[in-house]
Amino acid sequence: MDELSAQGSGQFNTQAKGKVQQTGVLTTKLAGRVVKVYPNRTMLIEAKKSSYMNNAQREVFLRGIIRPEDVDSSNTITSDKIANLEVFIDGKGFLADGGSPGWLARILAKVLPF
């Protein structure tokens with residue numbers, strides 16, 4: 001009688017490196033609105049702007065506190081006069097999506113989570 005035997009081994013190695021880097025200077029004008037007026041007359045403002053450039057969509061959202069005396073005669077204020085300034089820039093497009101894994105990498109990560 002013959003004996004049957006089986007032997008096997010396997011190895012799965014993955015290595016990936018990626019880098020998405022964007023640099024630039026944002027110069028824009030935003031139209032905003034007063035969201036709240038505080039008792040000391042300062043105001044919470046918000047502004048939002050969407051644009052499309054270099055095959056990518058960008059959304060800029062700004063929020064901060066201003067003083068009425070810093071608003072000029074054209075009803076404008078520069079960003080250096082906005083307290084607690086928060087600026088959020090979100091993007092959709094090739095460069096923005098480049099930092100996220102593709103569909104195959106997401107499937108392999110679920111099937112082979114090591």
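- Put simply, CG on D70 and OG1 on T78 are 8.0 Å apart, with the number rounded to the nearest 0.5 Å.
- Atom OG of S51 is separated from atom CD of Q57 by 8.0 Å, given to the nearest 0.5 angstrom.
- The number of heavy-atom neighbours closer than 6.0 Å to CG of N75, taken from other residues, nucleotides and ligands shown, is 12 or below.
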Please walk me through it: do R67 and R41 pass side-chain contact (heavy atoms from CB on, under 4.5 Å)?
-> CA-CA 7 Å; R67 301 180 310 172; R41 296 183 48 238; over 6 Å; no
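- In this structure, F61 and E86 have side chains that are not in contact, with every pair of non-hydrogen atoms separated by 4.5 Å or more.
- Separation of atoms CE (M43) and CD1 (I82) is listed at 11.0 Å; rounding is to 0.5 Å.
- Considering CZ of R63 and CZ of F88, their distance stands at 5.5 Å, rounded to 0.5 Å.
- When each of L85, I77, N84 is paired with I66, the side-chain contact (heavy atoms from CB on, under 4.5 Å) condition holds for I77 and for no other.
- Taking every heavy atom of both residues into account, L30 and A47 meet most closely at CB-CB, 3.7 Å.
- Just one of V71, L62, I65 meets the side-chain contact (heavy atoms from CB on, under 4.5 Å) condition when paired with I45; it is L62.
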